[in-house]
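Predicted model only: the values in this text are computed from it and were never measured.
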Amino acid sequence: MYKGNNPSALRSRKEIVQSFLEQLKYTDLEALSIKQIMDATDLSRQTFYQIFDSKDEIIEYCLDTLFSEFISHTKEMTIETLCDAASLFFNFFDIHRDTLALFIKNGKSCVVQRKCREYLQDSRYIHYELHGVHSEQDKEYATTFVVSGMVAMLEQWIKGTSEPILNAQELAQLVCRITGSE
């Protein structure tokens with residue numbers, strides 16, 4: 001993946017990502033070709049491979065970008081309880097629901113889960129107290145449990161398989177009730 005700061009390459013990357021996300025609305029990831037993505041831009045296939053190695057790398061880039069925005073957003077917030085963290089999590093990802101839905105619909109839930117764990121395990125960004133959790137090892141396991149549960153809830157919510165569809169705040173409140181963190 002391209003890591004430089006060349007303005008032309010950054011513009012190309014932005015165009016490729018926009019084209020990819022637009023094409024993904026109408027074509028399954030497996031059927032979507034690099035040619036289709038690039039035909040929707042004025043860029044060559046060679047440019048694609050100078051910036052990304054694969055379609056999966058675009059998904060990784062999109063999620064990294066999304067989580068960078070989330071981390072920046074959380075730095076300004078006070079997160080004292082799991083309820084605060086859940087509310088922030090679901091409200092933020094509600095805004096990006098359509099993009100996440102494209103990835104989940106195309107079988108990339110595992111990438112979404114991995115990125116959530118990767119970014120949310122770090123207590124510098126999401127910190128809260130859990131009842132009866134004292135040791136560092138307990139904290140690691142508890143955080144994994146909570147993050148995995150919230151990500152699974154996020155997926156189910158995005159898929160819209162449950163009726164009635166809850167809003168972001170109702171999901172956060174459900175996390176609080178389930179974990180006894182109210």
Item to check | From CG (L100) to CG (L63), nearest 0.5 Å | outcome: 6.5 Å
Checklist entry - Does the side chain of V17 come within less than 4.5 Å of C62's, by heavy atoms? => result yes
Checklist outcome for this item: Residue set satisfying salt bridge (Lys or Arg N to Asp or Glu O under 4.0 Å) with D64, at least two apart, ordered chain then number -> K115
Checklist entry - Roughly how far, to the nearest 0.5 Å, is CE of M153 from CG of L174? => result 4.0 Å
Checklist entry - Are any side-chain N or O atoms of N91 and backbone N or O atoms of A168, one a donor and one an acceptor, separated by less than 3.5 Å? => result no
Checklist entry - Any chain of hydrophobic side-chain contacts (each under 4.5 Å) joining I59 to Y26? => result no
Next on the checklist: Does any part of the side chain of F90, heavy atoms only, come nearer than 4.5 Å to the side chain of E170, both counted from C-beta?
Outcome noted: no
Checklist entry - How close do Y2 and R13 get, heavy atom to heavy atom, and via which atoms? => result O-NH1, 3.5 Å
Item to check | Residue pair S44 / T47, side-chain donor-acceptor N/O under 3.5 Å | outcome: yes
Item to check | Expected output: side-chain S87 to main-chain C83 donor-acceptor under 3.5 Å | outcome: no
Checklist outcome for this item: Residue set satisfying ring-ring contact (aromatic ring centres under 6.0 Å, His included) with F93, at least two apart, ordered chain then number -> F67, F70, F89
Checklist entry - Which distance, rounded to the nearest 0.5 Å, do you find between the CD1 of I37 and the CD1 of I16? => result 8.5 Å
Checklist outcome for this item: Applying side-chain contact (heavy atoms from CB on, under 4.5 Å) to S72 and not counting sequence neighbours gives none
Checklist entry - Where do N5 and L10 come nearest, in terms of heavy atoms and distance? => result O-CD1, 3.7 Å
Checklist entry - Rounded to the nearest 0.5 Å, how far does CD of E69 lie from NE2 of H96? => result 4.0 Å
Checklist entry - Hey, mind stepping through E57 and Y61 against side chain to side chain contact (heavy atoms under 4.5 Å, CB included) and telling me if it holds? => result CA-CA 6 Å; E57 200 170 77; Y61 171 78; 5.8 Å; no
Next on the checklist: I want to check something: taking the side chain as every heavy atom from C-beta on, are D84 and L88 in contact at a cut-off of under 4.5 Å?
Outcome noted: no
Checklist entry - Any idea which heavy atoms bring A85 and M150 closest together, and the distance? => result O-CE, 4.4 Å
Next on the checklist: If you define the side chain from C-beta out and look only at heavy atoms, does anything of M1 sit under 4.5 Å from I51?
Outcome noted: no
Item to check | Candidate pair L21 and F103, rule side chain to side chain contact (heavy atoms under 4.5 Å, CB included), full reasoning | outcome: CA-CA 9 Å; L21 293 174; F103 301 153; 3.9 Å; yes
Sequence neighbours left out, cut at 3.5 Å: what donor-acceptor pairs do the side chains of residues 107-114 make with other protein atoms?
residue : atom : partner : partner atom : Å
K108    : NZ   : D56     : OD1          : 3.0
K108    : NZ   : D56     : OD2          : 3.4
S109    : OG   : E155    : OE1          : 2.8
Q113    : NE2  : E155    : OE2          : 2.6
R114    : NH2  : E60     : OE2          : 2.2

Item to check | Over all atoms of both residues, closest heavy-atom pair of L102 and N106 | outcome: O-ND2, 2.8 Å
Item to check | 4.5 Å side-chain heavy-atom contact, I104 and L154 | outcome: no
Item to check | Check: L166 main-chain N/O paired with W157 side-chain donor or acceptor under 3.5 Å | outcome: yes
Next on the checklist: Between R117 and S148, is there a side-chain heavy-atom distance shorter than 4.5 Å?
Outcome noted: yes
Next on the checklist: Just verifying a value: how many Å separate F145 CZ and D138 CG, rounded to the nearest 0.5 Å?
Outcome noted: 13.5 Å
Next on the checklist: Can you pull out every salt bridge (charged side-chain N to carboxylate O under 4.0 Å, His left out) where at least one residue sits in residues 22-39? Sequence neighbours excluded, please.
Outcome noted: E22-K25, K35-D39
Item to check | Sidechain-backbone polar pair: K55 side chain, L32 backbone, donor-acceptor under 3.5 Å | outcome: yes
Checklist entry - How far apart are the closest heavy atoms of I58 and F48, and which atoms are they? => result CD1-CE1, 3.5 Å
Item to check | Pairing residues for R97 by the salt bridge (Lys or Arg N to Asp or Glu O under 4.0 Å) criterion, not counting sequence neighbours | outcome: D94
Next on the checklist: With clusters defined by side-chain heavy atoms of hydrophobic residues (ILVMFWY) lying less than 4.5 Å apart, directly or transitively, does Y49 cluster with M38?
Outcome noted: yes
Checklist outcome for this item: A40 and S19 have their tightest heavy-atom pair at CB-OG, 3.3 Å
Checklist entry - Atom CD of Q173 and atom CD1 of I178: how far apart are they, to the nearest 0.5 Å? => result 12.0 Å
